[in-house]
Asks: 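Structure in structure tokens, see below.
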Amino acid sequence: MPIIQVNMLQGRTTEQKRKLAAGITRAAVEALSVEPAQVRVLIHELGSEDFAVGGKTAAERGQTVKR
């Protein structure tokens, strides 16, 4: 049973997360020859102070999520 974790900044809509989970599931089914019910997708949302690139948080860089 594949378990796939996604880490991303907070702010996506429920619909965007559902589309992401469906797409990841389709890809896993095709690549791994498993049934959709076997695929687990875990989405972890991070606040803008919990994600940094180059030593600066997303908040410091003014990074926002496009909806």
Side-chain angles (χ1 to χ4, degrees):
M1 153 183 15
I3 301 172
I4 302 162
Q5 295 187 45
V6 177
N7 294 301
M8 61 186 185
L9 288 175
Q10 290 174 330
R12 270 65 173 211
T13 65
T14 298
E15 181 62 26
Q16 288 174 314
K17 290 184 273 186
R18 288 177 179 168
K19 285 181 181 180
L20 176 63
I24 289 170
T25 299
R26 281 192 303 274
V29 166
E30 182 180 321
L32 303 174
S33 298
V34 296
E35 294 297 318
Q38 294 176 286
V39 179
R40 307 296 191 258
V41 178
L42 308 175
I43 298 174
H44 301 277
E45 293 187 283
L46 303 167
S48 61
E49 289 294 341
D50 302 318
F51 182 85
V53 174
K56 291 191 175 188
T57 65
E60 290 175 301
R61 293 188 339 271
Q63 185 174 352
T64 58
V65 171
K66 293 181 184 176
R67 290 183 179 216

Asks: If you take all heavy atoms of V41 and A21, which pair is closest and at what distance?
Replies: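 What the structure gives for the nearest pair is CG2-O, 4.1 Å.
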Asks: My understanding is that only residues two or more places apart in sequence, or in another chain, count here; which of them pass side-chain hydrogen bond (donor to acceptor under 3.5 Å, both in side chains) with E49?
Replies: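 Result, side-chain hydrogen bond (donor to acceptor under 3.5 Å, both in side chains) vs E49: T57.
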Asks: I need the I24 CD1 to I43 CD1 distance, nearest 0.5 Å.
Replies: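 These two atoms lie 6.5 Å from each other.
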Asks: Compare every heavy atom of V39 with every heavy atom of A28, then report the nearest pair and how far apart it is.
Replies: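 Scanning both residues completely, I find the closest heavy atoms to be CB-CG2, 3.9 Å.
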Asks: Connecting only ILVMFWY residues whose side-chain heavy atoms lie within less than 4.5 Å of each other, what is the rest of I3's hydrophobic cluster?
Replies: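 M1, L42, all in the cluster of I3.
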Asks: Going by the side chain to side chain donor-acceptor pair (under 3.5 Å) test, which pairs reach into residues 21-33, not counting sequence neighbours?
Replies: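 As it turns out, there is no side chain to side chain donor-acceptor pair (under 3.5 Å) pair with a partner in residues 21-33 once direct neighbours are skipped.
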Asks: Using distance only, find each side-chain donor-acceptor pair of residues 7-14 under 3.5 Å and give its atom names and separation, not counting sequence neighbours.
Replies:
{"from": "R12", "atom 1": "NH1", "to": "L9", "atom 2": "O", "distance (Å)": "3.0"}
{"from": "T13", "atom 1": "OG1", "to": "Q16", "atom 2": "N", "distance (Å)": "3.0"}
{"from": "T13", "atom 1": "OG1", "to": "Q16", "atom 2": "OE1", "distance (Å)": "3.4"}

Asks: Among the clusters formed by ILVMFWY side chains lying less than 4.5 Å apart, do V6 and L46 turn up in the same one?
Replies: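 Result: no, two separate clusters.
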Asks: Which pairs pass side chain to side chain donor-acceptor pair (under 3.5 Å) with one or both residues in residues 34-45, sequence neighbours excluded?
Replies: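 Listed by first then second residue: Q5-H44, K17-E45.
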Asks: Only counting residues at least two apart or in another chain, list the ones meeting side-chain hydrogen bond (donor to acceptor under 3.5 Å, both in side chains) with R61.
Replies: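 So R61 forms a side-chain hydrogen bond (donor to acceptor under 3.5 Å, both in side chains) with Q63.
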